Novice: 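Submitted below is the structure of interest, expressed as structure tokens.
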2 protein chains.
Amino acid sequence: MTASPPTGDELVDMLAALSHPLRVRIIASLAARRNYVSGLAREIGISRPLLHMHLRRLEAAGLIVGALELSDDGKAMKYYDVTDFDVRLSPSALAEAAATLTTADPGKGSHTKEQS
Amino acid sequence: MTASPPTGDELVDMLAALSHPLRVRIIASLAARRNYVSGLAREIGISRPLLHMHLRRLEAAGLIVGALELSDDGKAMKYYDVTDFDVRLSPSALAEAAATLTTADPGKGSHTKEQS
DNA sequence: TTCATATGTAAGAGAAACCTTTCAGGTGAA
DNA sequence: TTCACCTGAAAGGTTTCTCTTACATATGAA
């Protein structure tokens, strides 16, 4: 297999990161060619602080990676690249992912009623 | 092909619907077997009103479908089934989806500066 | 009638996400 | 120095999401 399938928690984080039009557009732009923050902000047409927030979210989910590089004239530029994620989204795939969810598991383990 | 690929907007809605642990768990449970609202609420261990809200979200995204049926003893039960969605999530797939996004396209069309 | 099952909705609080504006630092060139 | 470019982050307001509690309705059985 190409990559280890994400855990349920990782998958949810990944889907949350991709559930925003701007972030999908960011991924699409970076998939075409890597770019630095200011350049990407101009290309997409949003403010740098806003883009910065979305980039943080995407990187936290492991969908992009940033690297600080020095341009020819000595400027510090942060370039971002998309990672090689490839996830399939289907009922059965989600069923597998759900098995590894760590979020508070309300009434599992046993079906004993807790009260009354 | 199995199904027409979702538009960018539909994909974002679908991802937003799946970006919650409870909703992933709901899909997983319904993928194992169809169920009605109250039964599903007991199985997952959450309140019915809360489940109702999540079901609405999932159905709005086209991931599940509900059907009102009558049980043997005449009770009206709303059964839910998962749909046969199957979406691939990769940089190139997102690039295609991004092309059909209808959300306010800040600085596209032409790179002319609007002000200054 | 009363109880237990089923359905749905509305009100309100708390938390999180989103976006803008503002600020602060660095470098190279004119 | 001043300007233009790059980086990051904090402050504040608005909106959306999430969840609980409570209410309203319908059915069959005891």
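Remember, predicted model here, so these are calculated numbers, not experimental data.
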Novice: Does B:Y36 have a side-chain nitrogen or oxygen under 4.0 Å from the phosphate oxygens OP1 or OP2 of C:dA6?
Specialist: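 Looking at the OP1 and OP2 atoms of C:dA6, one of them is under 4.0 Å from a side-chain N or O of B:Y36.
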Novice: Tell me the interatomic distance from B:I26, atom CD1, to D:dT18, atom P, rounded to whole angstroms.
Specialist: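 Rounded to whole Å, this separation is 11 Å.
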Novice: Relative to the 5' end of DNA chain C, which residue comes earlier, A:S47 or B:H52, by the nucleotide with the nearest heavy atom?
Specialist: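 The 5'-side residue here is B:H52.
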Novice: Output the rounded distance in Å from CD (B:E59) to P (C:dG8).
Specialist: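 Computing the B:E59:CD to C:dG8:P distance gives 10 Å.
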Novice: Where each residue is assigned the nucleotide of DNA chain D containing its nearest heavy atom, which of A:M77 and A:P49 is assigned the position nearer the 5′ end?
Specialist: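 The residue closer to the strand's 5' end, by nearest nucleotide, is A:M77.
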Novice: Would you say A:S38 reaches D:dT7's phosphate, i.e. side-chain N/O to OP1/OP2 under 4.0 Å?
Specialist: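 Indeed, a polar side-chain atom of A:S38 lies that close.
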Novice: Return a single string for nucleotides 23-30 of chain C, one symbol per nucleotide in 5' to 3' order, where B is base contact, S is sugar-phosphate-only contact and - is none, cutoff 4.0 angstrom on heavy atoms.
Specialist: ----BS--
Novice: What integer distance in Å separates B:L22:CG from D:dT20:C1'?
Specialist: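 That distance rounds to 14 Å.
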Novice: Tell me: CZ of A:R57 to C1' of D:dG8, nearest whole Å?
Specialist: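 The answer, rounded to whole Å, is 19 Å.
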Novice: About how many Å separate CG of B:L18 and CG of A:L94, when rounded to the nearest 0.5 Å?
Specialist: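 One gets 5.5 Å once the value is rounded to the nearest 0.5 Å.
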Novice: Less than 4.5 Å apart, any side-chain heavy atom of B:D9 and any of B:L101?
Specialist: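 Answer yes - side chains close enough.
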Novice: Other residues, nucleotides and ligands only: do more than 12 of their heavy atoms fall within 6.0 Å of CD on B:E96?
Specialist: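 No, CD of B:E96 has 12 or fewer neighbouring heavy atoms, counting only those of other groups under 6.0 Å.
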Novice: Can you name the nearest heavy-atom pair linking B:L89 to A:F85, along with the distance?
Specialist: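 B:L89 and A:F85 have their closest heavy atoms at O-CD1, 3.5 Å.
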Novice: For C:dC19, does either OP1 or OP2 sit under 4.0 Å from a side-chain N or O belonging to A:H20?
Specialist: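 Checking A:H20 against C:dC19: at least one side-chain N or O falls below 4.0 Å of OP1 or OP2.
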Novice: Any side-chain N or O of B:R56 under 4.0 Å from OP1/OP2 of C:dG8?
Specialist: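 Answer no for this pair, as no side-chain N or O of B:R56 is under 4.0 Å from OP1 or OP2.
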Novice: Just how far, in rounded Å, is C1' of C:dT20 from NE2 of A:H54?
Specialist: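 After rounding, the gap between these two atoms is 12 Å.
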Novice: Between A:T83 (side chain) and A:G62 (backbone), is there a donor-acceptor pair under 3.5 Å?
Specialist: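 Yes; at least one donor-acceptor contact below 3.5 Å.
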Novice: Is the backbone of B:G66 close enough, under 3.5 Å, to the side chain of B:E59 for a donor and an acceptor to pair up by distance?
Specialist: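 Such a contact is found between B:E59 side chain and B:G66 backbone.
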Novice: Look at the side-chain N and O atoms of A:R42 and state whether any lies under 4.0 Å from the OP1 or OP2 oxygen of D:dC6.
Specialist: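 Looking at the OP1 and OP2 atoms of D:dC6, one of them is under 4.0 Å from a side-chain N or O of A:R42.
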Novice: If you compare every side-chain N and O of A:K78 against the phosphate oxygens of D:dC6 (OP1, OP2), does one of them come in below 4.0 Å?
Specialist: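 No.
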Novice: May I have the distance from A:L70 (atom CG) to D:dC6 (atom C1'), rounded to whole angstrom?
Specialist: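 About 11 Å, once rounded to whole Å.
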Novice: Nearest-Å distance, CG (B:L50) to C1' (D:dT21)?
Specialist: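 Those two atoms, CG and C1', are 12 Å apart.
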Novice: Would the distance check show the side chain of A:T100 and the main-chain N or O of A:G8 forming a donor-acceptor pair, the cut-off being under 3.5 Å?
Specialist: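 Checked: pair present.
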Novice: Give the rounded distance in Å between these two atoms: CG of B:L51 and P of D:dT18.
Specialist: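 So the CG-P distance, B:L51 to D:dT18, works out to 13 Å.
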